[in-house]
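Please read these numbers as outputs of a predicted model, since none were measured by experiment. Order of listing sets the numbers, starting from 1, for every ligand and every atom in it. Note: hydrogens, waters and symmetry copies are ignored here, and every other heavy atom, side chains too, is used.
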Amino acid sequence: MNLYIDARIPEKTPVIIGDRSVPPTSPQKTYPTPMQFPEASGNFSIGLQADWQKRDTVNNEHKTAYDSVVIHNRLLNAAEILAEYEKVIPPVKKEPARPHFSVIPAVAEHVSVDGNPAEECWQKSGKFFLLPLKSSRDIAISAQAMHDRENLYLSFVSGDSCQLRKYDQRDAKLWEDSCFEFHLQTPDNNYYQFIVNGNGTIYDSLNKDAAWNSSARAAATLHDGSWSVELAVPLAELGGYDALSAANSTADFCASTWDSLAYQLFHWGSSRGFAPHDEIRLGKDEQYFRIESLGDLRLGNLSLETSGSSKAKVEASILPEGYSPIVYPENLNNRIWERRLPAGRQRLQVEAQGLYFYSHEYTVNFPLEIRHNCRPDNNEIEVSLDLSNAGGEALQQVAATASGRVQLLSPEERVLSEREFSISTPLAKVILPFPAEPLTEGVYSIHAEVLEFSRSISLQIPDLAPYQEHLGVDHTIPPPWEPIQKLTGNQYQVWGRVYEFADAPLPVQITAGDSQLLSRPPSWQLNGQEPQWMAPKIEESHPDYVKFAGAGTIGDQRIDWTGELWFDGAYVLRFTLSAGAVQNFNISWQVPREFAKFVLNPLYVPWEGDQVVPGDTARKDNVIWLTGPEKGIFFWHQSDANFFPQKNPLRAVRDERTATASVNIISQPATFTAPAGYTMVFMGTPSRPAREDSRMINYGGYSRIATTHQSIAWGGFHPKRHKDDMISLNSFIPVDPEYFQGLDTKIVRRHIYAMPCMISDAHPAYDYFGQDNWSTPRKTHQGVKLGVPWTVDAFCMNASERPADLQCWEIDQTMRRYPGVNGIYFDVASTGYCENQHHGCGGIDALGQHYRSSNALGYRRFLLRIYKIVKKNQGSIMLHSHVQFMPMTQAFVDFFAPGENTFQTMATNLEHGYCEGISLEEYQSDFNWRKAGVTYCMLLQTGRAAGMIPALKQYEKEVLSDPKYAYSALTPMLQHDLNVWGHYVS
Ligand SMILES: [Zn+2]
């Protein structure tokens, strides 16, 4: 579905405005299933349903008014929508177009007039695109011009064969042949016309008198599929170099070609015929500017490539009719601006001060749209075709079945794979297999043809080394952890803790230092009884994990389980409950009360009397973490699949000496018709020691305050080039290696900004990853860099290892190459959920209930790999995730940045928010790094709240200069032993 506003598909709007996120504008939306239209006699509503409008909760003021509703029996295309719109709102009367202008540069080199503009100096001449004036065909035709103070040199090239060349007599009717023309009106008002045909014959006239003959020389070269001409005219015969360089002349460069039915006419000028209307002037030196290519504007593919001498200052913009301009933010000289254009009428405008001006109006229409979805695991590419914008006649042909083909073309345009298809709906998908020979790095293309339409889009295949090397997938143990050690009996030692196992799936005791974390082993109650557990087997044993497998039975029912104990103490339990009727099923464990002072989800949830139901909090993380100020037991389950009922299965109760956590899997009778699977993590915390230099860490962004660590490379969000830009946001490969080579290594350690497992469509690997592994619902970030919109997509961490392969590989390359880079700053780094069943995420469980899946285990795998690579390179990682610290996942970092969650607290109490707005219990739990084993660096919000809340803006200066704000913010941080960033508090 496309939304047009004033006959135009609007640009996407930002999703963050100021400090708030706003609903995204999605003017184009593809629905996964076809629309079900009502019967001819049925009814449907637009907007709020009629019976809803009667509710008193609906504000009458919010009703929408419709001027006119028209229903067509087919889709209208962009041009038709514009035509309909202009019947009501006529197009604005346009100002007379500003004429094009180009300086014709001087060159020193010798030019031989042989019809072949091969001399190198042509590359620095003026260039003129000849676009259709009256033509049913698109032919690439251009002209070039330069001078040497004695002669004016012109060349023309046509991307079509020379179809007709009857004449070979001077001043014959060459316009009847395929020919090129040059019209010139000089400052002294003389009008010259030159025509050259495929025989190299010249027609010339002065003030329309063909009896005048110049001493111009011309030659033509004919090829199969193209032809070219060179023409040299003595400047003395055109009024002389001095006159032509002192003032502008008007001119036009033209071509006409006979295709056996009609003449097709092309020219550079902006007038309605071949006429000297636009301006040129001879340059006094070699300064030049030219457009090398425009792209395919009518199909919305801008590819504006320019070249010019070093001093040229070039501004380029797209002016969509009635909308704000799209402006290239920097000097476009010697660069390419490639982007997809919106549908509708618009104008391209390019200006190089004093050298060049060009503007071109066109209408973008998308009759055939195609999209690729690469599936490297299946060795195929899914190609989606969309003809819904092709217009009524085409849609009728499609309804009666249309056939076509799609091809995969190599960078050299060789056909590597091809599929023929026939379709009877405007939306269709075709599977194109990968060729037998493996694809290598390069820009390939997908080409589709159906009816009279064709479309090509690029498909970038990246360097495949990262996906062959799988960095960080091994059994090594990163510091500060140690390999797992088997002690006597069933005891295993990991850093700081000993896990003891019996026959049951969960450990029966976890000892942390001199504390026993369990006061009673976990109890499994299936229909009120503990199953009979068989002695488990050890299936795998590695330095980083040990895998057990076992089973238990009770009556007809059976639980088959595997458990992996990891070096960080995370115990990953997977089990299957056999089909059958279940009355109740729960797992519970008991801890001494000192290890249950706080309940986290993973945010602090206060005890209500002697009970906590953490699922009642707004953020539901399938977590119950009972902890003291330091030690505790963390539990997580991957999803609500096969829980019944699904609401609030986790709870804790306490008495004077102990606290009991329970996982209520089945609390009302349920019958499983198929085996039910569960995935959980159980671990003693903290899982690691904090860094010994924790209190010495002073974290910052680009800050004037001295810091030990800094995050850099935020420039990815800015429209202009920034010195520390990566090749795309979230990549670790710098655009400017020299800048990174020059970073000092003495003062601060620098972390490159990135979002975990999120890849930009500006990255060479994005196409190859396809869309199947995006998180569902899709999570994106958007912006514009150098005039090109980019989108970052979150890939599901449960689904694919490729984004991890890539980010591991890139950070390894960069840390090895640039000693000034010390690691990563991860933003947008909280755990989340996915519902894509292709990933094994979410779906319908064995009881027919909908569920979604947490990515915490996939994220754990991701972060562990990255952490190994960063540690191998002696670096560190900062992770920013408000206060939602997940020990099974986010302990694989060095620093954790809470605090952005206190923005609101500070916005309502700017002076004393940190003393009065955060409870002692929150400081001792949410903001307590001891439970995490990771150094916390608090992002104070005092200055940020003052700067961003309009009503507080007046205090911003005071906040940053009066020390009382700093004292008030820093006092509780000192008291609770929390590092702070050197931001927002002076
Ligand atoms: Zn997923």
Side-chain angles (χ1 to χ4, degrees), residues 24 30-33 371-378 380 382 466-467 470 472-473 564 570 572-574 576 602 619-623 636-643 646 676-681 730 754-761 763 765-781 791-808 826-846 848-866 879 881 884 886 888-890 892:
T30 305
Y31 290 92
T33 52
R371 211 166 77 132
H372 54 65
N373 177 18
C374 217
R375 290 178 172 149
D377 292 329
N378 301 359
E380 66 184 32
E382 178 190 68
Y467 322 104
H470 301 297
V473 179
E564 289 168 12
V572 183
L573 175 67
R574 296 183 176 86
T576 309
R619 185 186 160 88
K620 190 167 183 299
D621 253 312
N622 300 347
V623 163
W636 162 91
H637 62 108
Q638 185 165 266
S639 74
D640 293 337
N642 305 316
F643 279 60
Q646 290 172 308
Y678 302 88
T679 299
M680 300 169 171
V681 165
N730 300 339
M755 305 169 185
C757 220
M758 298 188 213
I759 310 295
S760 167
D761 62 356
H763 193 284
Y766 182 86
D767 286 355
Y768 180 66
F769 288 176
Q771 293 127 37
D772 290 351
N773 294 325
W774 288 350
S775 272
T776 306
R778 190 176 171 195
K779 294 190 188 94
T780 61
H781 297 264
T791 298
V792 160
D793 260 287
F795 285 79
C796 175
M797 300 189 187
N798 294 340
S800 168
E801 295 292 320
R802 282 196 187 87
D805 292 339
L806 175 65
Q807 287 189 317
C808 284
F826 271 137
D827 190 13
V828 196
S830 301
T831 52
Y833 288 87
C834 177
E835 301 180 24
N836 193 322
Q837 295 180 48
H838 294 296
H839 312 165
C841 293
I844 304 297
D845 68 11
Q849 310 172 107
H850 172 82
Y851 71 96
R852 49 190 199 143
S853 301
S854 163
N855 70 354
L857 208 48
Y859 190 0
R860 168 189 166 81
R861 213 164 44 238
F862 170 85
L863 213 48
L864 172 56
R865 289 182 60 185
I866 291 266
L879 188 135
S881 168
Q884 296 137 1
M886 291 279 282
M888 61 178 280
T889 299
Q890 293 164 334
F892 301 122

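Between N730 and Q807 the shortest heavy-atom distance is O-NE2, 3.2 Å. Contact detail for A829 and L879: the closest heavy-atom pair is CB-CG, 3.7 Å.
Near the Zn ion (ligand 1), less than 2.8 Å away, sit the protein N, O or S atoms C796 SG, C834 SG, H839 ND1, C841 SG.
In this structure, C757 SG and R861 CZ are separated by 10.0 Å, a value rounded to the nearest 0.5 Å.
C834 pairs with exactly one of C841, P777, S854, S853 by the side-chain contact (heavy atoms from CB on, under 4.5 Å) rule, that one being C841.
The six-membered or imidazole ring of F826 lies away from that of F892, with a centre-to-centre distance of 6.0 Å or more.
For E380 and R375, the salt-bridge test passes: some basic side-chain N is under 4.0 Å from an acidic carboxylate O.
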